[in-house]
Q: 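The following block contains the structure, expressed as structure tokens.
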Amino acid sequence: MRTLAPLGRRRARVAGADDVGAYRVVHVADPGAPAPQPGQFYMLAAAEGWGAGHDERPYLPRAFSYLRAADGQLSFMLEDVGPGTHRLAQLTDGDELWLTGPFGEGFRAPDPGPPARRALLAGGGVGVPPLSAWAHALAADGAAVSAVLGFRDAHHAVGAELMTAGDVSVATDDGSVGHHGLVTDLLATALDDDDHVVVYACGPPGMLEAVRALCAARDVPAQLALEAGMACGFGACYGCVVPLAAGGYIRLCVDGPVLDADRLDAVPLHA
Amino acid sequence: MRTLAPLGRRRARVAGADDVGAYRVVHVADPGAPAPQPGQFYMLAAAEGWGAGHDERPYLPRAFSYLRAADGQLSFMLEDVGPGTHRLAQLTDGDELWLTGPFGEGFRAPDPGPPARRALLAGGGVGVPPLSAWAHALAADGAAVSAVLGFRDAHHAVGAELMTAGDVSVATDDGSVGHHGLVTDLLATALDDDDHVVVYACGPPGMLEAVRALCAARDVPAQLALEAGMACGFGACYGCVVPLAAGGYIRLCVDGPVLDADRLDAVPLHA
Amino acid sequence: MSVDFCGLRLAHPIINGSGTFDAIAARRAFGDELLERFPFSAFVSKTITLAPRAGNPPPRLWEAQAGMINSIGLPNRGLAGYLEHDLPRLAQLPVPLITNVMGSTEAEVARLVEAVDARAEVGAIELNVSCPNVKTGLDIGADPASLASLVRAVRPLTRKPLIVKLTPNTADVGAVAAAAEAAGADAVSLVNTLRAMALDPNSGAPWLGGRTGGMSGPAIRCVALAQVSSVALRVQVPVVGMGGVARGIHANDLLSVGAVLVAVGTENFRDPCAGARIAAELKSLQIAGSGSTTVNLSEPQPEVELNCGNSS
Amino acid sequence: MSVDFCGLRLAHPIINGSGTFDAIAARRAFGDELLERFPFSAFVSKTITLAPRAGNPPPRLWEAQAGMINSIGLPNRGLAGYLEHDLPRLAQLPVPLITNVMGSTEAEVARLVEAVDARAEVGAIELNVSCPNVKTGLDIGADPASLASLVRAVRPLTRKPLIVKLTPNTADVGAVAAAAEAAGADAVSLVNTLRAMALDPNSGAPWLGGRTGGMSGPAIRCVALAQVSSVALRVQVPVVGMGGVARGIHANDLLSVGAVLVAVGTENFRDPCAGARIAAELKSLQIAGSGSTTVNLSEPQPEVELNCGNSS
Ligand SMILES: Cc1cc2nc3c(=O)[nH]c(=O)nc-3n(C[C@H](O)[C@H](O)[C@H](O)COP(=O)(O)OP(=O)(O)OC[C@H]3O[C@@H](n4cnc5c(N)ncnc54)[C@H](O)[C@@H]3O)c2cc1C
Ligand SMILES: Cc1cc2nc3c(=O)[nH]c(=O)nc-3n(C[C@H](O)[C@H](O)[C@H](O)COP(=O)(O)OP(=O)(O)OC[C@H]3O[C@@H](n4cnc5c(N)ncnc54)[C@H](O)[C@@H]3O)c2cc1C
Ligand SMILES: Cc1cc2nc3c(=O)[nH]c(=O)nc-3n(C[C@H](O)[C@H](O)[C@H](O)COP(=O)(O)O)c2cc1C
Ligand SMILES: Cc1cc2nc3c(=O)[nH]c(=O)nc-3n(C[C@H](O)[C@H](O)[C@H](O)COP(=O)(O)O)c2cc1C
Ligand code: FES
Ligand code: FES
């Protein structure tokens, strides 16, 4: 599912930002822009002060899935992991940023069946935004949605609040909230329970690879929203490639970021 | 007159900043540092966001004469003319900057005579800070000080308020305040009146050259505080050179910025 | 602003750098609006090789100070795939096409040039010579002699304008450009990326899948300007200048030192319409009068510097 | 952290780049505190020439993206002035002295090396070969053959360690380094500045008094790292790495690819104690264990890339 992006970057106003546990949610005014598809992403760069961080970075824009898109406003959820996210996390009401997108292919609905497969969402950390957007779209179509989410600790687990549709169960590495262990434990239990599902997953590479292996072992179809280092987001640089099981590479920004799990031998650990 | 600089750069807190007409005055806490000599300068760089301006500049620190030094606090007066001054003019209470200095040779007092020469200060625009510091020092020694200052217009002429010692007359290019014309007109009149003076001047190259020529023609000793593009401020880069009448170059940062006017054939128009 | 370049009439002097804009992928992302407001006055293809190439293993990108390093590794469908799949789609663009090709032997390059020459959709051919000579290991484009022999060999094979894209990783780019001109090049373009490297902050091992890569972006702009300037002083044929161009004034600088066209590369990643924006900024500069009036750089340097003009 | 470099025992691996720190001027600015807390483990002089040089007309500086261009033009008192005036003062520094010399003929360089060799205060001699060969016009340091003959000619004239400072403006810096080693160099240092240019935003004429200049600072760091890496793979003698080092991790990167010492240049302008700071940052990196354990870069590149590893 792909919505075309308006040609070029646009200067957009930050309409507000708030902290949600360990994460920052930034709201951006994007009036009159086409509605994106869950799983699509945007390239963001602060209009001011982009380039004065450590080692004079960031220089390139950064890719972010949208969390929510409504009433001419986009919301993004990000974690400060380096100079780009650090700068973006500083933005507040009235600041401006450069915005391009939406880019890429989003999630595809389970084929109708009969019997229709349920949607089972599995996410970790900053994997929440595309899954949350997808849960909303599915719920709006009256589909049943359940999600399993993993976080480092209680402070990060607050991010689960952003999963505002479907029934959600949480796991934390330190057991401070919900299941003490990996989100894939919850996924496995859910699949034991009912595996006539399509798994939709987004999260850190290690978690995605575990999801892929689990679903492959059980013959459960899965769509994975991957990440890769990106310079452009629209197929110009050939930088964001992921190796396919069939051989060769695809550019994640134009052929992804959502991929059918069975196209991969493994989720690349870093790109 | 030279005060040695503490070795290395120090991270200093901005203690406040205010607008004075077209200029920005920035107060910097510099506790325990040695008292500088009027005419000496410091190299400044914002601790954050130094390097994200036009074309990713500024990169190097910027040179500024001090306006006032008292009670462990330094004050600078600057005009936003490019990425460095622009960023520094944004700093407010609590922000931090990198500070090195004091650097260079300051003004030297008129030789005692008898009969002692009076100090006549001539300045334009951002030439005010070193002259103001010098006027304070002279006044503190009970010497009579008068100053002629030139500005673009009324908005800039507010900067004359920073000349808080001696009696001051002002000229503006547009005549909106004081004499309608050049500060050198005022200087000439003052010299007609009494030329048993030492002229101390700081300002734009064109004005300094006019002062130099005027004083040379009348055999009046003059000390000029010059400017040049600087990378380091302490003699390391050999970038800040000024050609001497005697031939060869001197580094303005270690052999200046104050020079006896008779060492120059002309004040270089840009360096 | 319209420019004649080797007989091609271009609406303005701003084109793209090879491999920094994929018009086919961009159309998937932006739709037909791309055709209605195409950012460049000509479109330069990514480098095409005889056989298909997968390109380098990731990571392929490193973000540097005011620039980036890439080790993309020239992925492409190969000549046949390009002619059959890409060229018909590219022909739908509203601007002339320049096809960029590279081979590691004269025979390979010859086959590429002949095949591209046969296609009416192509307006000009650009030779990417930033490719090691299989014998010497040195970039063909770094050595005037081997470059001259390559150009002489393929020059007769096409009537289309032949642009030689020079590598900046050489001692005397002016000499290389002069050799290309003498061998029959209709134009030269520069700079390609500067050889660069980055280490993984965690492991200390080379970050890029290709171990080393090519530096581009504003960080190389002043180096590119110096090289374009010395090439423009050495050759009569038109020069396409590029390297770190992000704003109209940067394009104007390259035109001032003698370039006829300016290519935009890395800035396209930050702004998909960088080409159109820079062309507009350039136009307003030229209207404002501060536009390029090629300055005479050929005067000797200050006497004292005849020996060491460029050393510190 | 202490290092043995050609028989000189240095307290840590961080020295200054020639021409980026004037210890005599710095003592005028900072007083004797400079001697008590000298930032470098050895002091490298600015380049000395036979005759005094005034240097280039101003402007000599251009601020670039994450770096700068200089056209200083090697101002110096000349050999006699250096020996008589500077050397006694430099001898008061608490660290070994390395004297950097340059000449435009072998005879000139020979006289410089002999004269400096005679002075006990000097611990090592660095040859700046970023100087055009009067015959070819090409930088001596850009051409393996002329460099080798120069080094062979002067090598016998001194027992002190002889460091050859290479120019980055060459096609194959590894080959040049190998030639210097074969001719008897005890060490090589790189990179010198990259040839670069800037235009006056108002007039469009070259900004720098020397028309072109040398680029330095973070903008060249990744280019320098690639060059130091390829040199370290080609020579056995110790390598002094430099180019854009501003923090401990940058020094660590250079050590990781095989440098033995790291020189800090432009960062000294921003932080007069950069040398000491970077040495401290390096030390804490090495304690933290993420310190340099020279990585093996000599494996072949991925098969697909043998042809075009460094091209995009
Ligand atoms: C399609 C897509 C959607 C995404 N959605 C989200 C989202 O919704 N929320 C969110 O928080 N994040 C999201 N991300 C990830 C986000 O883009 C990255 O976290 C961000 O780019 C990091 O930039 P940074 O400057 O903060 O950190 P960086 O410094 O760029 O560090 C991030 C990683 O890049 C690598 N790296 C380090 N230095 C360099 C360098 N100099 N050059 C190249 N690589 C380097 C390291 O592996 C490091 O772990 C998404 C990514 C993609 C591709
Ligand atoms: C000893 C001394 C004392 C000073 N005292 C004061 C003071 O008290 N108050 C004050 O306001 N100013 C003072 N100055 C001047 C101040 O240092 C400059 O205005 C400042 O450095 C400008 O930096 P910028 O980035 O704002 O502007 P820039 O962009 O640096 O422009 C300033 C000038 O630099 C040149 N320039 C433009 N681009 C570049 C480039 N890329 N590289 C190199 N040069 C370029 C142009 O000539 C331009 O007019 C002093 C200067 C010196 C040397
Ligand atoms: C990601 C990337 C891919 C590139 N691919 C090619 C290529 O396939 N062929 C080529 O001749 N140049 C290629 N280049 C070089 C550019 O065309 C251009 O010469 C260089 O990037 C300098 O311009 P810039 O600084 O504006 O990017 C590539 C550059 C980048 C950044
Ligand atoms: C202002 C300036 C002057 C320099 N002078 C010399 C010199 O006299 N001799 C020399 O061999 N290198 C000289 N260099 C080159 C430096 O020693 C160093 O090789 C180069 O700047 C790269 O290091 P950096 O990026 O850390 O500055 C000079 C560099 C600068 C910036
Ligand atoms: S990010 Fe540039 S091609 Fe995908
Ligand atoms: S500013 Fe560097 S020597 Fe004067």
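Numbers restart at 1 for each chain; the letters A, B, ... are given by sequence-line order, proteins then strands.
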Q: Can you name the closest pair of heavy atoms from C:Val257 and D:Leu199 and give their distance?
A: CG1-CD1, 4.0 Å
Q: Report which part of C:Ala66 has an atom under 4.5 Å of a heavy atom belonging to chain D: side chain, backbone, both, or neither.
A: side chain
Q: Which atoms of D:Leu225 are under 4.5 Å from chain C, going by heavy atoms: the side chain, the backbone, both sets, or neither?
A: both
Q: Rounded to the nearest 0.5 Å, how far does OG1 of C:Thr212 lie from CD of D:Gln227?
A: 11.5 Å
Q: I need the D:Cys222 SG to C:Met215 CE distance, nearest 0.5 Å.
A: 5.5 Å
Q: Report the residues that fulfil side chain to side chain contact (heavy atoms under 4.5 Å, CB included) with D:Ala142, sequence neighbours left out, ordered by chain and then residue number.
A: C:Ala171, D:Leu138, D:Asp139, D:Thr167, D:Thr170
Q: Are any of the side-chain heavy atoms of D:Arg211 and C:Ser229 separated by less than 4.5 Å?
A: no
Q: Sequence neighbours left out, what passes side chain to side chain contact (heavy atoms under 4.5 Å, CB included) with D:Ser216? Give chain and number order.
A: D:Met68, D:Thr193, D:Thr266
Q: Which region of C:Thr47, side chain (C-beta onward) or backbone (N, CA, C, O), has a non-hydrogen atom less than 4.5 Å from a non-hydrogen atom of chain D, or is it both or neither?
A: neither
Q: So do C:Leu194 and D:Leu194 actually touch side chain to side chain, heavy atoms under 4.5 Å?
A: yes
Q: If every non-hydrogen atom of D:Arg195 is compared with every non-hydrogen atom of C:Ala226, which pair is closest and at what distance?
A: NH1-O, 3.6 Å
